[in-house]
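Since we're looking at a predicted model, the values are computed, not measured. Each residue takes its place number in the sequence, starting with 1.
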Amino acid sequence: MAAGHGRCDHPAVSLLRWQFDLTWSLADLHLSALTPADFRWEPGPLTWHVREAGDGWTIDWADTEPDPVPVPTIAWIAWHVGWWWSVTLDHAHGRRPRERESVGWPGDENAVAWLRELAADWGGVLDRLSDPDAPAAFPWPAEAGLTVAHQAAWVNAELMKNAAEIGQLRLLRAAQATSG
């Protein structure tokens with residue numbers, strides 16, 4: 001992303017920053033309420049999860065979406081956010097984007113802090129954004145002709161979707177705990 005100094009006065013950037021702040025406030029509301037046990041909760045018999053494996057973690061993944069689609073756990077969704085946001089930030093900072101397999105799970109106790117660090121980094125990217133019409137080649141191919149404004153709008157949409165998923169799972173877990 002093109003960088004300037006301080007917050008940009010471009011109307012599109014101002015709107016994207018406002019939308020990000022709104023979206024992040026919802027995400028952080030749900031993240032703040034999570035306990036380590038919430039990350040481990042499996043809402044059904046078929047889940048995508050982050051599983052302890054020897055000296056690290058295994059993250060469930062399929063290159064082709066299975067049928068039926070597994071229900072993601074809060075841990076998996078949080079990792080998923082960390083993965084796509086880390087790669088987006090790599091692009092935004094002009095770094096070589098990391099592979100999915102290299103984005104690990106920081107653990108249940110560290111996940112919220114990890115996501116907050118990514119949010120702060122992304123907020124800084126938006127604050128320095130001077131040319132929202134510059135081309136962006138992530139999360140789509142460069143030949144799509146989309147811009148960094150599209151990329152920022154995608155981050156906001158993806159974050160809102162993932163925050164809603166985490167929130168719904170958190171509420172379902174709490175409802176199950178009180179009903180039985």
Side-chain angles (χ1 to χ4, degrees), residues 1-34 38-39 48 59 61 65 69 71-100 102-106 110-172 174:
M1 289 190 173
H5 299 290
R7 284 199 178 198
C8 178
D9 291 331
H10 191 287
V13 175
S14 296
L15 179 60
L16 289 165
R17 178 61 200 226
W18 174 86
Q19 186 183 45
F20 169 68
D21 290 341
L22 176 66
T23 302
W24 177 250
S25 69
L26 173 64
D28 199 47
L29 173 79
H30 290 303
L31 293 172
S32 295
L34 293 175
D38 292 328
F39 287 99
W48 271 343
I59 292 125
W61 187 263
E65 194 167 274
V69 177
V71 177
T73 63
I74 291 173
W76 191 93
I77 296 167
W79 166 81
H80 178 73
V81 172
W83 164 59
W84 63 252
W85 222 344
S86 294
V87 174
T88 303
L89 285 162
D90 288 343
H91 283 275
H93 291 305
R95 300 185 296 243
R96 181 173 176 219
R98 61 196 91 185
E99 297 296 321
R100 175 182 45 81
S102 70
V103 179
W105 177 243
N110 300 314
V112 172
W114 178 47
L115 295 175
R116 286 179 175 151
E117 288 172 17
L118 294 169
D121 193 359
W122 183 251
V125 167
L126 292 175
D127 289 346
R128 293 182 301 276
L129 178 59
S130 63
D131 184 6
D133 298 321
F138 182 79
W140 41 78
E143 53 275 4
L146 297 176
T147 66
V148 294
H150 289 99
Q151 182 183 61
W154 172 81
V155 165
N156 290 340
E158 187 72 13
L159 181 60
M160 178 62 75
K161 175 185 76 76
N162 291 150
E165 291 168 333
I166 289 170
Q168 189 64 38
L169 287 169
R170 181 177 72 83
L171 295 172
L172 283 171

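- At least one side-chain heavy atom of V87 sits less than 4.5 Å from a side-chain heavy atom of R98.
- The two atoms that bring L126 and A152 nearest to each other are CD2-CB, 3.9 Å, heavy atoms only.
- S25 contributes a side-chain N or O that, together with a main-chain N or O of L22, makes up a donor-acceptor pair within less than 3.5 Å.
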Output, in order, the C-alpha distance, side-chain angles, deciding distance and verdict of side-chain contact (heavy atoms from CB on, under 4.5 Å) for V81 and L118.
-> CA-CA 9 Å; V81 172; L118 294 169; 5.8 Å; no
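- Of all heavy-atom pairs between W122 and A92, the closest is CZ3-CB, 4.3 Å.
- Each of Q19, K161, Q151, R17 was checked for a side chain to side chain donor-acceptor pair (under 3.5 Å) with N156, and the lone residue meeting it is Q19.
- Ring pair W83/H80 is tilted by interplanar angle, where 30° to 60° counts as tilted.
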side-chain contact (heavy atoms from CB on, under 4.5 Å) evaluation trace for H10 with D131 = CA-CA 8 Å; H10 191 287; D131 184 6; over 6 Å; no
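- Contact between P72 and I77 at its shortest, heavy atoms only, is CB-CG1, 3.7 Å.
- Counting only heavy atoms from C-beta outward, the side chains of W84 and V155 approach each other to under 4.5 Å.
- Within the 4.5 Å cutoff, the side chain of H93 has heavy atoms near those of the D121 side chain.
- Taking the six-membered ring where the residue is Trp, F138 and H91 present parallel rings, their angle staying beneath 30° rather than reaching 60°.
- In this structure, W154 and P139 have side chains that are in contact, with non-hydrogen atoms separated by less than 4.5 Å.
- Across W24 and L115, no two heavy atoms sit closer than the pair CH2-O, 3.7 Å.
- Considering CG of L169 and CH2 of W76, their distance stands at 11.5 Å, rounded to 0.5 Å.
- Note: L146 CG to D133 CG = 11.5 Å, rounded to the nearest 0.5 Å.
- Between W48 and W79, a ring centre-to-centre spacing not shorter than 6.0 Å is recorded.
- Across every non-hydrogen atom of L159 and A27, the tightest pair is CD1-CB, 4.2 Å.
- Between R116 and D28 the shortest side-chain heavy-atom distance falls below 4.5 Å.
- Side-chain atoms of W114 and N110, non-hydrogen and from C-beta on, never get closer than 4.5 Å to each other.
- Side-chain contact between F39 and T73: absent, with no pair of heavy atoms (C-beta onward) separated by less than 4.5 Å.
- In this structure the side chain of I166 reaches within 4.5 angstrom of the side chain of L34, judged on heavy atoms.
- In this structure, R170 and A33 approach most closely via the heavy-atom pair NH1-CB, 3.4 Å.
- Of the inter-residue distances, the one linking W18 atom CH2 with T23 atom OG1 reads 8.0 Å to the nearest 0.5 angstrom.
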